[in-house]
Amino acid sequence: MPNQPSAPVNPVLLAVVGGAHGIKGECRVRSLTEDPTALGAYGPLFDASGNRYTVKSARPQKNVVVVRFAEVQDRNHAERINGRELFVDRSVLPEPEDDDEFYLGDLVGLAVQTIAGEPVGKVVAFHDFGAGDIVEIQPPGGPTVMIPFSAAAVPELDVDAGVMIVDPVAAGLVETEDDDAPGPEEAEPSGGR
């Protein structure tokens, strides 16, 4: 029996299953690969529980890919996996071609510090809720914080040194004077009767 790929040890998110498409078990999938239809090019995908999903076919449709998985036989099964995140192991992905390219998963574990050199915490995850990538940071104490993964919030990355530099104002980690100013609904009424 050939060596079957198993659940990822170092998972990298490649896709998120959307709703069912049609009655034969196809799924609408948000692909995070450069070529959305190349979703199956890295072998089978796995969910967080280790369930395997083998891409039989993938075709673009508007802003998603319609995928037929070998393991999903009907619409009911397709509906049950709605929202499921699908991963591959980092080892099956090609290495970035130049020094300015990286996988977000490779940044997990980096130390985070402000542009002034003050420690903030470490990168624990990346999320994409539809409006761009978000970095989740675990400070030395307390709950995690999330900041936008943008050039303004994260002006510098030094992967070799293991450091992510953040601008605390652009990242929303500190309050500015504008945050304390009353908004239109809080302003004092002007003028009398």
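If you read the sequence from its start, that first residue is 1, and numbering goes on from there.
Other members of the cluster containing I115 are V163, I165, with ILVMFWY side chains joined at under 4.5 Å, either directly or via other members.
Checking side-chain atoms of Q138 against main-chain N and O of G142 turns up a donor-acceptor pair under 3.5 Å. Between the side chain of T114 and the main chain of A116, a donor-acceptor pair closer than 3.5 Å is present. In this structure, D133 contributes its side chain and F149 its backbone to no donor-acceptor pair below 3.5 Å. For the pair R28 (side chain) and V17 (backbone), a donor-acceptor distance under 3.5 Å is absent. Listed for the D89 side chain is no donor-acceptor partner under 3.5 Å among the backbone atoms of V92. Remark: side-chain polar atoms of R59 are not paired, donor with acceptor, to backbone N or O of T37 under 3.5 angstrom.
In this structure, CG on L110 lies 7.0 Å from CG on L157, to the nearest 0.5 angstrom. One distance of note links CG of L13 with CZ of F87; it measures 5.0 Å at 0.5 Å rounding. Atom CZ of R52 sits about 12.5 Å away from atom CG of D47, to the nearest 0.5 Å.
Under the 4.5 Å side-chain criterion, counting only non-hydrogen atoms from C-beta, L86 is not in contact with V16. Under the 4.5 Å side-chain criterion, counting only non-hydrogen atoms from C-beta, L14 is not in contact with L32. With contacts defined as side-chain heavy-atom distances shorter than 4.5 Å, the pair I147/I137 qualifies. When side chains are defined from C-beta on, F126 counts as touching V135, because their heavy atoms get closer than 4.5 Å. Put simply, the side chain of V108 does not reach to within 4.5 Å of the side chain of V124, judged on heavy atoms. Here the side chains of R84 and N82 are not in contact, with every heavy-atom distance at 4.5 Å or above.
Note on V154 and L173: same hydrophobic cluster, where clusters join Ile, Leu, Val, Met, Phe, Trp and Tyr whose side-chain heavy atoms are under 4.5 Å apart, directly or indirectly.
Scanning both residues, L39 and A15, for their nearest heavy atoms gives CD1-CB, 3.7 Å. The two residues A78 and G25 have their closest heavy-atom pair at CB-O, 3.9 Å. Taking both residues in full, the closest heavy atoms of A152 and P155 are given as O-CD, 3.9 Å, listed atom of the first, atom of the second, then distance. Here the closest heavy-atom approach between residue S31 and residue P36 is recorded as OG-O, 3.1 Å. Between A171 and P148, the closest heavy-atom pair is O-CD, 4.0 Å.
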Item to complete: For V159 and D106, run side-chain contact (heavy atoms from CB on, under 4.5 Å): C-alpha distance rounded to whole Å, both residues' side-chain angles, the deciding distance at 0.1 Å, then the answer.
Response: CA-CA 9 Å; V159 178; D106 292 344; 5.7 Å; no
Worksheet entry | Working for side-chain contact (heavy atoms from CB on, under 4.5 Å), residues V123 and M164 | CA-CA 8 Å; V123 175; M164 175 184 287; 3.8 Å; yes
Practice prompt. Kindly indicate, with the supporting measurements, whether the criterion side-chain contact (heavy atoms from CB on, under 4.5 Å) is fulfilled by Y42 and L93.
Written response: CA-CA 7 Å; Y42 307 104; L93 298 174; 3.8 Å; yes
Discussion item. One pair to check against side-chain contact (heavy atoms from CB on, under 4.5 Å): H21 and R75. What are the steps and the verdict?
Written reply: CA-CA 8 Å; H21 179 82; R75 183 178 180 86; over 6 Å; no
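Remark: the D35 side chain and the T33 side chain contain no N/O donor-acceptor pair separated by less than 3.5 Å.
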For residues 63-73, which side-chain donor-acceptor pairs fall under 3.5 Å, sequence neighbours excluded?
unit_1, atom_1, unit_2, atom_2, d
R68, NH1, K24, O, 3.0
E71, OE1, T54, N, 2.6
E71, OE2, T54, N, 3.4
E71, OE2, T54, OG1, 2.8
Q73, NE2, A70, O, 2.6

